[in-house]
Amino acid sequence: MAVATKVSGTKRLATLVGCNYLGSQYELHGCINDVKDMTETLVSRFGFDRSDITVLTDEPESDPKPTGAVIKKVLGDMIAKAKSGDVLFFHYSGHGTLIPATKPHHGHRKDEAIVPCDFNLITDVDFRQMVDQLPSGTGLTIISDSCHSGGLIDNEKEQIGPSTVTRSIDAMTRETKSRYIAPEALLHHLGSLSGIDSHHIGEHIAHLFGDDASDKFLQKIYHAQKPSFDNGILLSGCQTNETSADVGPEDGDGKPCGAFTHSLQKVLAKHAGVISNKDLVAKARQLLRTQGFDQHPCLYCSDANAQAPFLLIALGEALV
């Protein structure tokens, strides 16, 4: 198997989050398996050191838990360490959701968010801010195996998405659970915690989490100047209007997992050499389609990063 070699002085840093919401009505089964499997892939295939990989899960023995504040802090620390040529990676497996857009010009559009274990949502605006803080020459690759994850980096360019023409087939009958929490369920859950009378998800989150809430809900204006480069790369498990499947052992080679994460692992195993971000997503999309899954992975990034090798974008890297 080809393994990436690191240029002297460059770093490969990763944060992986798996939320199974154990014991709750929103419980999933494959998310923690996803990030454990991806950890091994990062080490064995892409040259990451285990000491540079942070894994956050909501297993009972895990500490700290992947709350919204913890995830944002770990990602912020990872970005703060980065220098030109470094490779940064974030993998999230868990519930996603759609929330009413807070920008007036978005009209009736809804925005994407992930759901940490404490329900302190991390939104598309948060990920946009993280990408804009990257040093020049540094890339942040995000895999989100969650529902409605297409477009999770605000204003990122679509390379493979809803406009991509695909041949539709009938989905097979199988036992799956969507990685989606409806806004109505979120509102009920957050309202039971906050005790305030409001029909707005953001008001409950701001009340519960204060400064740890997303800027989207704190009505802060993001003043940072957008850099001339854009090295955010999003591989999403599905389109914005779709759900991502949490599948059982029969579809996950003997253990529960995310259909999208599993498809990525299958594609990487079949293509031992360099594979571009665009080819990886296209092949994962094709594999899920032939397996009868009704979800279409997407790619959002610049034109240059669409053709760049997956997780090998640090300058001067080679394969041995």
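The structure presented is a predicted model; accordingly, all values stated were derived computationally and were not measured. What you see below is based on every heavy atom in this structure, not just the backbone, and it leaves out hydrogens, waters and symmetry mates.
Note on Lys177 versus Asp246: no salt bridge recorded, every NZ/NE/NH1/NH2 to OD/OE distance being 4.0 Å or above. A salt bridge is absent between Arg12 and Asp86: the closest approach of a Lys/Arg side-chain nitrogen to an acidic carboxylate oxygen does not fall below 4.0 angstrom. The pair Arg45-Glu40 does not meet the salt-bridge criterion, since no charged nitrogen lies less than 4.0 angstrom from a carboxylate oxygen. A salt bridge links Glu59 with Lys36: the closest approach of a Lys/Arg side-chain nitrogen to an acidic carboxylate oxygen falls below 4.0 angstrom. A salt bridge does not link Asp52 to Lys11: none of the charged side-chain nitrogens sits closer than 4.0 Å to a carboxylate oxygen.
Identified under the salt bridge (charged side-chain N to carboxylate O under 4.0 Å, His left out) test for residues 266-275, with sequence neighbours left out: Asp253-Lys266. Note on residues 188-201: no pairs pass salt bridge (charged side-chain N to carboxylate O under 4.0 Å, His left out), not counting sequence neighbours. Applying the salt bridge (charged side-chain N to carboxylate O under 4.0 Å, His left out) test to pairs two or more places apart or on separate chains, those with a residue in residues 64-79 are Lys73-Asp77.
Between the side chain of Thr261 and the main chain of Cys257, no donor-acceptor pair closer than 3.5 Å is present. Checking side-chain atoms of Glu156 against main-chain N and O of Leu234 turns up no donor-acceptor pair under 3.5 Å. Checking side-chain atoms of Asp230 against main-chain N and O of Gly232 turns up a donor-acceptor pair under 3.5 Å. The closest donor-acceptor contact from the side chain of Thr39 to the backbone of Val35 lies under 3.5 Å. For Thr138 (side chain) and Lys83 (main-chain N/O), a donor-acceptor pair under 3.5 Å exists by modelled atom type.
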- prompt: Stepwise, does the side chain to side chain contact (heavy atoms under 4.5 Å, CB included) test hold for Cys238 with Ser244?
  reply: CA-CA 6 Å; Cys238 61; Ser244 290; 3.3 Å; yes
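In plain terms, the two heavy atoms of Ala82 and Leu88 that are nearest each other are CB-CD1, 3.8 Å. Of all non-hydrogen atoms in Ile71 and Pro66, the two that sit nearest each other are CD1-O, 3.6 Å. The two residues Leu264 and Ala284 come nearest to each other via the heavy atoms CD2-CB, 3.9 Å. Gly151 approaches Tyr300 most closely through the heavy-atom pair N-CE1, 3.3 Å. Across all their heavy atoms, Phe89 and Met38 have their closest contact at CE2-CG, 3.8 Å. What you find for Ala259 and Phe293 is that their closest heavy atoms are CB-CE2, 3.9 Å.
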For a quick test of your reading: what N or O donor-acceptor pairs under 3.5 Å do the side chains of residues 198-205 make, sequence neighbours left out?
unit_1: Ser198; atom_1: OG; unit_2: His200; atom_2: N; d: 3.1
unit_1: Ser198; atom_1: OG; unit_2: Glu203; atom_2: OE1; d: 2.5
unit_1: His204; atom_1: ND1; unit_2: Ser194; atom_2: OG; d: 2.6
unit_1: His204; atom_1: NE2; unit_2: Ser198; atom_2: O; d: 2.9

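For the pair Leu140 and Ile142, the minimum side-chain heavy-atom distance is below 4.5 Å.
Side-chain atoms of Ser62 and Thr57 form a donor-acceptor pair, as typed in the model, at a separation below 3.5 Å. A donor and an acceptor atom, one from each side chain of Gln307 and Asp279, are nowhere located under 3.5 Å apart. Between the side chains of Gln295 and Thr243, no donor-acceptor pair of N or O atoms lies under 3.5 Å. In summary, the side chains of Ser93 and His91 do present a donor paired with an acceptor at a separation below 3.5 Å, with no hydrogens or angles considered.
A distance of 9.0 Å separates CD1 in Ile79 from OG1 in Thr15, rounded to the nearest 0.5 Å. Here the straight-line distance linking atom CG of Leu235 with atom CZ of Phe260 works out to 5.0 Å at 0.5 Å rounding. Atom CG in Leu311 sits 11.5 Å away from atom CD1 in Ile275 (nearest 0.5 Å). Summarising the geometry, atom CZ belonging to Arg285 is positioned 5.0 Å from atom SG belonging to Cys298; distances are rounded to the nearest 0.5 Å.
Partners of Ser302 according to the side-chain contact (heavy atoms from CB on, under 4.5 Å) rule, which considers only residues two or more places apart in sequence or in another chain, are Ala304, Asn305. Considering only residues two or more places apart in sequence or on other chains, Tyr180 meets the ring pair (Phe, Tyr, Trp, His ring centres under 6.0 Å) condition with His148.
Classification of the Tyr26-His95 ring pair by plane angle, with boundaries at 30° and 60°, yields perpendicular.
Results of the side-chain hydrogen bond (donor to acceptor under 3.5 Å, both in side chains) test with Lys216 over Asp124, Asp154, Thr123 single out Asp124 as the only residue that passes.
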